[in-house]
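Working notes, beginning with the structure itself.
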Amino acid sequence: MPLESRSLNNSFAHEVIGLRLWERQDDQVIDELRALWAYHPVLVFRRQALSEHELADFSALFGPLERTVRTDWASPVRPEVGIISNLKDAQARPIGGLGDGEIQWHSDQSYMLYPATGAMLYALELPSAGGSTSWVDLCAAYAGLPDRLKRAVDGRRGVFSYAKRLSGYQGVDRVISEEAKRKTPPILHPLVHTHPITGKRALYLDSTTTIGVEGMDQASGADLLEEIYEWATRPKFVYRHDWQVGDALLWDNGFTMHRREPFDPSARRLMKRTTIFLSREWHIVPEGNLVAA
Ligand code: SIN
């Protein structure tokens with residue numbers, strides 16, 4: 001039977017109906033999900049009940065899983081699963097990362113030379129208010145740019161810096177290991193890519209990580225980026241997800257950014273995330289270069 005799905009709030013996000021992600025999926029289902037995902041960069045699966053292994057195994061149907069540089073957020077049960085939470089253990093140490101604050105528009109892994117651009121986030125405990133996550137469709141955003149801005153970004157590369165991203169984090173999330181520092185030098189990624197399936201052009205952006213544009217002086221690069229972010233994040237390109245326990249969202253960071261609203265620090269929020277190396281055959285996967293010394 002063909003996969004059943006429907007648009008959410010008339011947006012680019014699609015809810016996939018009737019799949020139990022903890023069960024074995026046949027090849028036809030995976031192919032249909034891949035095809036749907038090319039056009040709808042956020043796929044929502046509701047009412048899931050997943051162990052860490054089930055979450056990781058389902059995610060791995062789309063590509064090898066990445067163990068991100070945030071080894072301090074990794075689950076002790078299945079290290080490819082990251083814990084996104086404000087909860088603390090009995091010694092008052094965070095059990096994961098990203099706490100309870102606002103997180104600005106970003107694309108996971110944009111600071112990596114070879115980013116693992118697939119991601120899945122699964123909700124286990126939620127605050128009664130706040131903590132919604134929004135995604136912006138950067139294909140639609142590119143199409144909506146005035147020609148003047150398309151010309152300004154076409155063929156340009158942005159400079160992406162993990163140091164900038166870290167400076168926006170709270171508390172211990174700002175601290176990384178020497179190995180993580182070594183793996184995250186400033187890098188360049190093209191600001192525009194073409195999707196291999198849809199043929200559409202898309203912006204590749206991350207407002208928490210970009211520090212400039214190659215070949216432009218600091219002020220002009222910053223002005224261009226600011227203007228692009230202002231255009232790209234207009235409400236008509238955005239889907240906002242109000243989480244329910246059991247929601248699992250699969251998204252493609254190759255042509256989206258996402259942001260999270262803050263929530264009451266005394267409320268509990270527990271999410272689990274995977275990060276997936278997607279294939280260039282099906283997805284936009286930026287290929288980075290080191291910034292010349
Ligand atoms: C993230 O930005 O990866 C986490 C989003 C969230 O906590 O909703």
Side-chain angles (χ1 to χ4, degrees), residues 8 13 41-46 48 50 55-56 59 65-75 80-88 94-112 115-138 160 162 164-174 176 180 184 204-210 229 233 238-265 267-276 278:
L8 288 169
V42 175
L43 297 181
V44 177
F45 305 86
R46 294 208 189 264
Q48 303 300 320
L50 303 174
L55 173 65
S59 305
L65 299 185
E66 159 79 317
R67 295 191 185 190
T68 76
V69 292
R70 295 315 303 238
T71 49
D72 47 331
W73 301 351
S75 158
E80 299 96 330
V81 173
I83 311 292
I84 306 299
S85 184
N86 63 333
L87 300 183
K88 297 198 166 51
I95 64 160
L98 295 180
D100 45 56
E102 180 175 4
I103 308 174
Q104 299 292 347
W105 289 113
H106 67 286
S107 170
D108 297 335
Q109 295 259 307
S110 70
Y111 49 85
M112 298 299 285
T117 47
M120 195 154 190
L121 191 60
Y122 171 53
L124 288 118
E125 286 192 66
L126 293 168
S128 57
S132 297
T133 313
S134 297
W135 279 262
V136 60
D137 174 355
L138 294 177
F160 292 74
Y162 192 61
K164 175 177 175 188
R165 181 179 291 201
L166 275 182
S167 67
Y169 283 162
Q170 298 175 318
V172 291
D173 282 352
R174 286 177 168 226
I176 55 168
T184 54
Y204 185 67
L205 297 172
D206 181 334
S207 76
T208 68
T209 308
T210 46
Y229 285 122
T233 57
V238 172
Y239 167 69
R240 175 186 146 147
H241 190 72
D242 296 318
W243 292 94
Q244 296 172 16
V245 168
D247 286 354
L249 264 74
L250 182 66
W251 74 94
D252 188 333
N253 284 290
F255 64 111
T256 60
M257 290 189 291
H258 55 288
R259 65 176 292 272
R260 182 188 75 193
E261 288 160 31
F263 56 95
D264 177 357
R268 295 170 63 92
R269 189 174 188 266
L270 176 61
M271 319 284 281
K272 296 192 178 179
R273 188 179 71 193
T274 53
T275 306
I276 313 162
L278 298 179

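These numbers come from a predicted model, not from an experiment. Both ligands and their constituent atoms are indexed starting at 1 by order of listing.
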- Query: Under 4.0 Å from ligand 1, counting heavy atoms only, is it the side chain of Arg269, its backbone, both or neither?
  - Reply: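 Side chain only.
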For [atom], what's the nearest protein heavy-atom neighbour? Residue, atom name and distance, please.
{"atom": "atom 5 (C) of ligand 1", "result": "Leu121 CD2, 3.9 Å"}
{"atom": "atom 8 (O) of ligand 1", "result": "Thr133 OG1, 2.6 Å"}
{"atom": "atom 4 (C) of ligand 1", "result": "Leu98 CD1, 3.9 Å"}
{"atom": "atom 1 (C) of ligand 1", "result": "His258 NE2, 3.5 Å"}

- Gln170 vs Asp100 side-chain heavy atoms within contact, under 4.5 Å: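 Sidechains of Asp100 and Gln170: in contact.
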- Item | Straight-line distance of Met112 CE to Thr184 OG1, nearest 0.5 Å |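 Reported to 0.5 Å precision, the distance equals 7.5 Å.
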- Message: Nearest 0.5 angstrom please: Arg165 CZ to Thr208 OG1, how far?
- Response: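 So the gap between those two atoms works out to 4.0 Å.
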- Contact atoms of ligand 1, heavy-atom distance to Ile84 under 4.0 Å: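 Those of ligand 1 that fall under 4.0 Å from Ile84 are 7 (O).
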- Task: Would you please determine whether Arg259 falls within less than 4.0 Å of ligand 1 on a heavy-atom basis?
- Result: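 It does not, in that no heavy atom of Arg259 comes within the 4.0 Å cut-off of ligand 1.
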- Query: Under 4.0 angstrom from ligand 1, any heavy atom of Arg260?
  - Reply: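 Arg260: in contact with ligand 1 (<4.0 Å).
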- Message: Any nitrogen or oxygen of Arg273 lying under 3.5 Å from a nitrogen or oxygen in ligand 1? Just yes or no.
- Response: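 Yes.
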- Message: Checking Trp105 now: which residues fulfil ring pair (Phe, Tyr, Trp, His ring centres under 6.0 Å) with it, not counting sequence neighbours?
- Response: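 In terms of ring pair (Phe, Tyr, Trp, His ring centres under 6.0 Å), with neighbours along the sequence ignored, Trp105 is linked to no residue.
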- Which residues share a ring pair (Phe, Tyr, Trp, His ring centres under 6.0 Å) with His241, sequence neighbours left out: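 Per chain and number, His241 pairs via ring pair (Phe, Tyr, Trp, His ring centres under 6.0 Å) with Tyr239, Trp243.
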- Does CZ in Arg174 sit with more than 12 non-hydrogen atoms of other residues, nucleotides or ligands closer than 6.0 Å?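 Atom CZ in Arg174 is packed in, count exceeds 12.
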- Task: Could you check Met271 against Leu126 for side-chain contact (heavy atoms from CB on, under 4.5 Å), going step by step and ending with a plain yes or no?
- Result: CA-CA 8 Å; Met271 319 284 281; Leu126 293 168; 3.9 Å; yes
